[in-house]
Protein chains: 2
Amino acid sequence: MKESLSFELLKRDYRTRARRGRITTPHGTIETPVFMPVGTQATVKAMKPEDVEKTGAEIILGNTYHLYLRPGEEIIREAGGLHKFMNWHRPILTDSGGFQVFSLGKFRKITEEGAKFKSYIDGSSHMMTPESSVEVQRALGSDIMMAFDECVAYPAERKYVERSLARTTRWLKRCDDHHRRLETKAATESGSDTMKQALFGIMQGGMYKELREASAKQITEFDLPGYAIGGLSVGEPKDIMLDVLDECTDLLPEDKPRYLMGVGTPDYLFEGVERGVDMFDCVLPTRLARHGVAMTSRGNINIKNAAFARDFRTLDHDCECYCCSNYSRAYLRHLFKNEEILCSMLLSEHNIHFLVNMMKNIRKAIEEDRFLEYKREFYNKYGEF
Amino acid sequence: MKESLSFELLKRDYRTRARRGRITTPHGTIETPVFMPVGTQATVKAMKPEDVEKTGAEIILGNTYHLYLRPGEEIIREAGGLHKFMNWHRPILTDSGGFQVFSLGKFRKITEEGAKFKSYIDGSSHMMTPESSVEVQRALGSDIMMAFDECVAYPAERKYVERSLARTTRWLKRCDDHHRRLETKAATESGSDTMKQALFGIMQGGMYKELREASAKQITEFDLPGYAIGGLSVGEPKDIMLDVLDECTDLLPEDKPRYLMGVGTPDYLFEGVERGVDMFDCVLPTRLARHGVAMTSRGNINIKNAAFARDFRTLDHDCECYCCSNYSRAYLRHLFKNEEILCSMLLSEHNIHFLVNMMKNIRKAIEEDRFLEYKREFYNKYGEF
C-alpha cells in the first residue's frame, strides 16, 4: 500500500543542517520548517479556525488523550472526523496520548501492555495501549498520527531510560502492525491502494547519546513516513538539550520529515531548524496569550504592565497580524485588566501569527542562503524591549 | 447650531403603532426598529468588532460608568475616542452611567448635585453629576449620549418617584446646558456649525401613568433629537410593563427616535415595536451565550444538555450566522463542557445575529404591511424546542 504522506526536500542550507521542505498530506501541503499551533480539545484556544488559517498556519495538532476522554473519539467519528467536527480543513497531527498519560505521575501505571490511568474529569480508570491509541487516532482521522511511546522525565537513570526505549520500540511495532492491519482492511473495503493516515515513530533515549542512537536505529527500521524526537525540552538545561539534539537529527533519515515535539520558543525553533528539524509544536503562544503575554520581535511583553496604560502604539510594529493592524497596547491592557475574552482572542492570534511568520521568514532565509544572517538579525532585535 | 443626528420616519404600520425609520449619525445610518448589542467595557464580549458588524448590527452601546472607572475617559480621549480605541467605526450610543450608579444600592448616595458612589474596583469614592456625565461621554465621543437620570427601582412609592422624576428633569436641563455650552465652544474653535454628538433625554415616572405623562411633558420641552423610556423592565411583571409602555410611546414626539432602555428578549422587542419603539439594547444575548444558552427561532436552548452530545445538526436551521453555517450542537456542547472560549465566541455571535436578524425581519414585515403576521409566525415557532 502507498503511504498517504510524502516529503520533498527542496533545499539544504549551505552552512548548517537547516532544510527547506514540503510535506504533502490528504488535507493539503505543509511548507517546512513549520510551527504547528496546538488545538488540544478540538479548538486552538480562543481562535476561530479561519483566524488560525489567516495567521498562515498550515497544520494544527490535536490531543488524543483529551479527545478520548471528552467528547470521546466515537462522537468525533460520528461527526465525520476531527477536521469536520472542528471546522478545520487543513492537515491535523494527533499525538498518541502517551505524553499526557505519563504526565499524570501517580495517577498512571505502565506495563508492557500499555498505560493504566485515571481520568482527570471523573476519576474513572482507563487503559491506553499502542493498539487503542491507533484506534482513537483513526477515529479522529488525523493526517499524521503518532506512535504510542513513553516520554521519560528529566532527570532519569540510564537503566530506566534503556528499558523504556526498548518498550517504546516494541510499542511502535504494535502501533505499526495495528495501523497497517486497519488500513489494509479499510483499503480492501473501499478498493483503494493508498493509506488514509500516516504514522510517525518517536525516538526516545533521554539525555544519553548512545541510547538515542539505539532508539533511532530501532525505529528507522520500520521505514515510516516521518520521525519525531521525543523526550527533549522536558526540564533539562538548554545546553544539555541542544547537545543531545545535535546528535539526534543526523540519526534520522534525510528523506523523511523530522519533528521535535513540544518545542515552541523562538530560540528553540531557530536552534532546531539549524540542526535539521522540520516540524515543531507547542501550546506556548496561546497559553502565554491567555496570561497577557505577547511574543514580539523585541521579546515577550506583559501587556498588563502599567507602562502600557497610555501606550497607543501597536503591539509589535514589525507585525502585520489582525491585532497589530487594529489595536493599541493601551486597548489590550484595558481588555486584560477587565478580564475581557477579546484580550485572549487578540493575543492568541498575534502570538500564533508571530511564530508562524517567523517560520515563514526562516524558510525564505534558507531559500536565499541567509539563514544564519536572519537568525542574527532576529536575535539582535529580540531582547530590545 | 445644527443637530448631528436626524431621524426619518419611513413608514407607519397600518394596524399598529410600529414604525420603520432611519437614524443618521456622524458614523453612519441606523435602520429602525433596531437592536443594539452592548459593549460595556469597550468590547462586545467575546466578539471581534468585524464579527459584530457581520451579524448586521449597525450601532453598539458603551457603558459610561465602566469606562469612566476603567480605563478612564482620558485614556480613551487620548486614544482618539471610543470608536478608534475599540476599532468599531459605526455609531455608538453611550449611557449616562446613572443606571449603574443607582444599581449600587448602599454604595451610592443621591443628592441634588449628583450621585456619590464607591468604585467596585478599589472602593475609592467618586461623584457623578449631570455635567461630569456629559463630559465623560464627550471624551468617549459617542454619536448618541444619554442624559444623567435616576432609574427608580420597582416597586417604588409614588411620592419618591415624583420627586425623583422632577430631579431627573432638572438634571436633564443641566446636561443639555452643559452639552450645548461645550458643543458651542468646540464649534467656535473648529469653525463648524454642526454639533458632534446628540443628547437624548430619558422619561421616568415608574409605573405611574400620570407621572410618565408629567415626565414626558417636561423632557420634550427641550426639543432633543431623541428620547428614551427609562425605568421599565426593572423587575415589574410583564403585564404591568406593557400597560405602562402602552401609554409612554404616544407621549413622545412622532418625529424623534424612541429608545426603550435595557430590553432584549424577543417578546419585549415585538411588544415594544408594536407600541412604536425604535431602539432597544440589552446584554442578554452575550450574557446568555457565556452561560451556554442559545437563542433560536424555536426558543432558547441550553447547549450543555446531554441530548446534544450526539446531535450533529446545526444550532438553528433557520439561521445563517457563522456559527450555524459551520458547527454542530455536539461540537458546541463539547466546547462548553470543556470551558473553551470558542463556545462563548460562537454563541455570542449567534445570539447577536439572532436578535439583529429578527429586527431585520421585523423591519421588512413593517415595510410589507405584515408586521402582525410576522409576529404570529415568529411566536408559532418560538417555543417549539
Side-chain angles (χ1 to χ4, degrees), chain A residues 39-52 66-67 69-72 74-80 82 84-89 121 286 289-290 308-313 322-323 325-346 348-349, chain B residues 39-52 66-67 69-72 74-80 82 84-89 121 286 289-290 308-313 322-323 325-346 348-349:
Chain A
T40 298
Q41 303 188 118
T43 159
V44 175
K45 286 188 193 296
M47 290 181 77
K48 290 181 178 180
E50 288 79 1
D51 292 335
V52 176
H66 292 85
L67 297 172
L69 288 177
R70 233 175 12 200
E74 281 310 320
I75 284 184
I76 296 181
R77 189 205 301 276
E78 286 170 40
L82 186 54
K84 192 168 170 203
F85 187 57
M86 71 180 289
N87 186 32
W88 170 263
H89 305 289
I121 298 167
T286 45
R290 295 194 305 284
F308 300 130
R310 298 185 123 84
D311 190 336
F312 302 107
R313 290 174 299 170
Y322 169 76
C323 173
S325 306
N326 293 291
Y327 303 92
S328 65
R329 296 171 186 175
Y331 182 65
L332 293 166
R333 177 176 189 270
H334 162 72
L335 293 179
F336 185 81
K337 296 279 284 182
N338 286 286
E339 296 173 30
E340 285 288 355
I341 288 174
L342 186 59
C343 189
S344 295
M345 294 164 60
L346 296 178
S348 296
E349 191 163 338
Chain B
T40 298
Q41 302 189 120
T43 159
V44 176
K45 285 187 194 296
M47 290 181 76
K48 289 181 178 179
E50 288 79 1
D51 292 334
V52 176
H66 292 86
L67 296 173
L69 287 177
R70 233 172 16 194
E74 281 310 320
I75 284 183
I76 296 182
R77 188 204 301 275
E78 286 171 39
L82 186 53
K84 193 169 169 204
F85 188 56
M86 69 181 292
N87 187 32
W88 170 263
H89 305 289
I121 298 167
T286 44
R290 293 193 306 284
F308 299 131
R310 299 183 121 85
D311 190 337
F312 301 109
R313 291 174 299 170
Y322 168 76
C323 173
S325 306
N326 293 292
Y327 303 93
S328 65
R329 295 171 187 176
Y331 182 65
L332 293 166
R333 178 176 188 269
H334 163 71
L335 292 179
F336 185 80
K337 295 279 285 181
N338 286 286
E339 296 174 30
E340 284 288 355
I341 288 173
L342 186 59
C343 188
S344 295
M345 293 164 61
L346 296 177
S348 295
E349 192 163 338

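Numbers restart at 1 for each chain; the letters A, B, ... are given by sequence-line order, proteins then strands. We use all heavy atoms of the structure for the numbers below, so side chains are in, but hydrogens, waters and symmetry mates are not. Source: prediction; values computed, not measured.
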For the [atom1] atom of [X] and the [atom2] atom of [Y], what is their distance to the nearest 0.5 Å?
X	Y	atom1	atom2	result
A/Met345	B/Asp51	CE	CG	6.5 Å
A/His66	B/Asn338	NE2	CG	8.5 Å
A/Glu78	B/Asp311	CD	CG	11.5 Å

Check: [Y] and [X] side chains under 4.5 Å, non-hydrogen atoms:
X	Y	result
B/Leu67	A/His334	yes
A/Ile341	B/Arg290	yes
B/Lys48	A/Leu342	yes

| Under 4.5 Å from any heavy atom of chain B - which part of A/Tyr327 |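 Just its side chain gets close to chain B.
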Need one label for [X]: side chain, backbone, both or neither, based on atoms under 4.5 Å from any heavy atom in chain A.
X	value
B/Phe312	side chain
B/Thr43	both
B/Tyr331	both
B/Glu349	side chain
B/Gln41	both
B/Met47	backbone
B/Ile76	neither

| field | Considering all heavy atoms, the nearest A/Tyr322-B/Pro49 contact | value |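 The answer is OH-CD, 3.8 Å.
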| field | chain A contacts, top residue of B/Ile121, B/Ile75, B/Leu335, B/Leu346 (heavy-atom pairs, under 4.5 Å) | value |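 That would be B/Ile75.
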